[in-house]
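Below, each value reflects all heavy atoms present in this structure, side chains not excepted, and no hydrogens, waters or symmetry copies.
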Amino acid sequence: MIKVVNVVASGSLGLELDLVTIEEELSDIVDYDPEMYPGAYIHLGESYPLVTIYRTGKYIITGADSKAEADSTRDTLLNLLSDHKILPAADDDWFAIQNYVCMGDIRRELDLDALVIDLGLEISEYEPEQFPGIVYRPPNHNCVLLIFRSGKVIITGGKDIDSSKNAFSTLYEHINNLFRNDSLD
DNA sequence: TAACTAGCTTCTTATATAACAATGCATG
DNA sequence: CATGCATTGTTATATAAGAAGCTAGTTA
């Protein structure tokens, strides 16, 4: 099936933050350079997801490999902030998964020149001199798939794993049908 | 001229190509 | 010791999504 390789989530504490103070109190794990970027990066640990937190109290988590890891990263963040007397507003606090990046494998060597035409040139593009994979935007799916000659597929843009799974399954079955039909020729 | 909108910045992650830089090793 | 080739390493290309803030361009 497919494997989740990255999860992006966002949330809000529902209150304004003083990023300068946060950077001072947590200087060993916080990187804040407003000249470069308005968000402050919080490194909760090596190989842990990255938290980027903003003046407005909103934050994003990137680099988790499951919903569970994104959730636990949020818990760690809230605990850390509560240690510094920052508590989320009870009514304006929210958190949601925004994007799943998944990897699938068709387990076949693919002819991308032929596949891009079969998939339809209006919903897929293949410019090997620009990028080695097909960019496929299937209708009825909210995901974008990157398809490579090796058969590896990246499914990105899904807000839940099921929609990513469905998008991959549809492509997987479609390609296998192509091979089945070829064998009848 | 002010207000608005769009597009870019930062980061993460897999995938796979080319183009480049830098280094290692061998031969002249 | 210098030059050539090979290997390794890094960067770019493209994708999605969130966030705040900046700039550029358009419109009233």
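The aromatic ring of A/F131 does not sit over the base of C/dT13; the criterion of centres under 5.5 Å apart with planes under 30° is not met. In this pair, A/Y54 does not lay its aromatic ring on the base of C/dA19; centres under 5.5 Å and planes under 30 degrees do not both hold.
Listed pair A/R55 / C/dA19 fails the phosphate criterion, with no side-chain N or O lying under 4.0 Å from OP1 or OP2. The side chain of A/R149 contributes no N or O atom lying less than 4.0 Å from OP1 or OP2 of B/dT15. Dashed line: the shortest gap from a side-chain N or O of A/Q130 to OP1 or OP2 of C/dT13 is not under 4.0 Å.
Picking from C/dT15, C/dG18, C/dA19 the nucleotide with the shortest atom distance to the side chain of A/Q98 gives C/dG18. With C/dA20, C/dA17, B/dT15 as the candidates, the nucleotide lying closest to the side chain of A/K58 is C/dA20. Among the nucleotides C/dA20, B/dC11, C/dA14, the one closest to the side chain of A/T62 is B/dC11. In the set B/dT10, C/dA17, C/dT15, C/dA17 carries the atom at the smallest distance from any side-chain atom of A/V8.
Counting non-hydrogen atoms under 4.0 angstrom, A/T156 reaches a base of the nucleic acid. As judged by a 4.0 angstrom heavy-atom cut-off over every strand, A/L50 is placed among residues touching the sugar-phosphate backbone only. Using a 4.0 Å heavy-atom criterion, one finds that A/V5 contacts the sugar-phosphate atoms exclusively. Using a 4.0 Å heavy-atom distance criterion, A/V135 is classed as a sugar-phosphate-only contact.
No donor-acceptor contact under 3.5 Å links the side chain of A/Y59 to the base of C/dA19.
Toward the 5' end of DNA chain C, the nearer of the two residues A/V144 and A/W94, judged by each one's closest nucleotide, is A/V144.
Taking 4.5 Å as the limit, some side-chain heavy atom of A/I60 sits within range of a side-chain heavy atom of A/Y54.
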